[in-house]
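See structure below.
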Number of protein chains: 2
Amino acid sequence: MPNRRPKTRIQQKNSEAILEAALEVFSQAGFRGATLDQIAERAGLSKPNLLYYFPSKEAIHAELIKGLLQVWLDPLRALDAGGDPLAEILGYMRRKLELSRDFPRESRLFANEVLQGAPRVEGALQEELKPLVDEKAAVIGAWVQAGRLAPVDPHHLIFSIWATTQHYADFDVQVRAVLGPGHDPFAEAERFLTTLYTGSLCPRG
Amino acid sequence: MPNRRPKTRIQQKNSEAILEAALEVFSQAGFRGATLDQIAERAGLSKPNLLYYFPSKEAIHAELIKGLLQVWLDPLRALDAGGDPLAEILGYMRRKLELSRDFPRESRLFANEVLQGAPRVEGALQEELKPLVDEKAAVIGAWVQAGRLAPVDPHHLIFSIWATTQHYADFDVQVRAVLGPGHDPFAEAERFLTTLYTGSLCPRG
DNA sequence: GATTTAATTGACCGATAGGTCAAAATTCAG
DNA sequence: CTGAATTTTGACCTATCGGTCAATTAAATC
């Protein structure tokens, strides 16, 4: 059994291939719907060989979730209390939208997990997500108090940014089916969401 | 095998029990993750008995989706070209949010399906969803043209309403984990979304 | 080049998946 | 009450699931 941290080139390569394949399969079928055989085939390995690198299906999934959560929270971490309120929020929206555009499988993996009751990430939600959101919600709340933002509920503002941006990754099929060909959903979304949030967040006498 | 339309009381009762159980299981585990044994147990029937009423797992799922799509599209159908633009859009948002509150399992069933590539509903998206959305988007576009709404992309406005309202059903676990106890997510969401859309849709000189 | 170590595999395991079927139990019609 | 139709079930089928293991092959080390 290989050590925790891959050492050899071959371990590095195969571990990456497995995680890449698992991301594809898990994000498309959910945890229960995904099979080790599918993952193994996509990774170009036999199933026993796959289980030589990871002890179980759960372990592969856990590794993916672990690596994902950090990346997923980064845009919110970057929200700066010292910046211009509207610019900060629009910047957060934009970074979140870019994640949806560039890492749709990661978004769907997470969506699948939460949608099915988050049995394997509930702890992380409580211990990592909630504190960070509370902190940044307080920042936004302070902006509102100072009259630098129109009065809105900070938590639900954050929810709406999650919802609207992740929608373009998670419901990509539906978005494209409705728009038809000849559209760039993400580019259009950026314009729309900019006007949406600018319009409702600008403070008015 | 029972006829297409349930006739006897017992057929009526069991068919309903099966669909109710299947909704619970499919919405929580996705199609592949759900099992006939789980559905049968929840419905209080044996597996062979379940398969006496529906020919296959696919058939149960298809029946659910069929019944769901109509209900799901009703709020958009009710959007009235003759009404007040902002009130109509807020009303649509509110009806959609009520669906999320009262039928979260249906929302998750649909989300699961689309998330996993919509293999069983892609046709319905093209043939039912797209025409309806295009029609209503045209209505909104006309309002914008007439200067009765701030200039926004109608399709993406509809997407954002879907995203923000369904978020509270589909990501319920996450929303509650972040908010903590003592919150009514749907009531708060209604207030927030009202200000969000009012703020950005009101036309200004 | 030999030997040790890492990597790979085919065969296999018990559990569970969706589904079938003939027979038994129940309900219904006359 | 009786016979026909409906409903229910236990036993069973094949395929696939996650996972194991001993044996084989390929790499790295000396």
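Only a predicted model underlies this, so the values are computations on that prediction, with no experimental measurement involved. Lettering of chains follows the sequences in order, A, B, ..., and the numbering in each one begins at 1.
Scanning for ring-ring contact (aromatic ring centres under 6.0 Å, His included) contacts around B/Tyr168 gives A/His156, with sequence neighbours left out. Take B/His61 and apply the ring-ring contact (aromatic ring centres under 6.0 Å, His included) test, not counting sequence neighbours, and it matches B/Phe26, B/Phe31. By the side chain to side chain contact (heavy atoms under 4.5 Å, CB included) test, A/Leu51 pairs with A/Leu36, A/Lys47, sequence neighbours left out. With sequence neighbours excluded, no residue forms a side chain to side chain donor-acceptor pair (under 3.5 Å) with A/Arg148.
Distance, A/Asn14 CG to C/dT9 C1': 14 Å, rounded to whole Å. For the pair A/Ile60 CD1 and D/dC17 C1', the computed distance is 14 Å after rounding to whole Å. Rounded to whole Å, the distance from CG on B/Leu50 to P on D/dT8 is 11 Å. Rounded to a whole Å, the NZ atom of A/Lys13 is 13 Å from the C1' atom of D/dA26. As a whole-Å value, the separation of B/Leu51 CG from D/dG10 P is 15 Å.
Here the closest non-hydrogen pair linking B/Ala21 and B/Ala43 is CB-N, 3.7 Å. Minimum interatomic distance between B/Gly117 and A/Val173 (heavy atoms only, all atoms of both residues): CA-CG2, 3.8 Å. Looking at every heavy atom in both residues, A/Arg108 comes nearest to A/Asp170 through N-OD1, 3.6 Å.
Defined by atom type and a distance below 3.5 Å, a donor-acceptor pair is present between the side-chain atoms of B/Gln12 and B/Glu16.
The side-chain hydrogen bond (donor to acceptor under 3.5 Å, both in side chains) contacts involving residues 82-92 of chain A comprise A/Tyr92-A/Trp162, where partners must be two or more places apart or lie in separate chains. Under the ring-ring contact (aromatic ring centres under 6.0 Å, His included) criterion, no residue pair touches residues 117-144 of chain A, with sequence neighbours excluded. Every pair passing side-chain hydrogen bond (donor to acceptor under 3.5 Å, both in side chains) that includes a residue from residues 26-35 of chain A is listed here, sequence neighbours excluded: A/Thr35-A/Gln38.
Separating the OG1 atom in B/Thr194 from the CD1 atom in B/Ile89 is a distance of 12.5 Å, to the nearest 0.5 Å.
At least one side-chain nitrogen or oxygen of A/Tyr52 sits closer than 4.0 Å to the OP1 or OP2 atom of C/dA7. Considering only side-chain N and O atoms, A/Gln11 lies nowhere under 4.0 angstrom from the phosphate OP1 or OP2 of C/dA6.
Contacts between residues 16-49 of chain A and DNA chain C, defined by a heavy-atom separation below 4.0 Å, involve A/Ser46, A/Pro48, A/Asn49, listed by number. Residues from residues 109-124 of chain B lying near DNA chain C, meaning a heavy-atom separation below 4.0 Å, are absent.
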Could you run down the sub-3.5 Å N/O contacts of the protein with nucleotides 22-24 of chain C?
none

N/O to N/O distances under 3.5 Å, protein versus nucleotides 26-30 of chain C:
residue: C/dC28; atom: OP1; partner: B/Arg9; partner atom: NH2; Å: 3.4

Residues 67-77 of chain A side chain polar contacts: donor-acceptor under 3.5 Å, at least two apart:
residue: A/Gln70; atom: OE1; partner: A/Arg77; partner atom: NH2; Å: 3.3
residue: A/Gln70; atom: NE2; partner: A/Glu128; partner atom: OE1; Å: 3.2
residue: A/Asp74; atom: OD1; partner: A/Arg77; partner atom: NH1; Å: 3.1

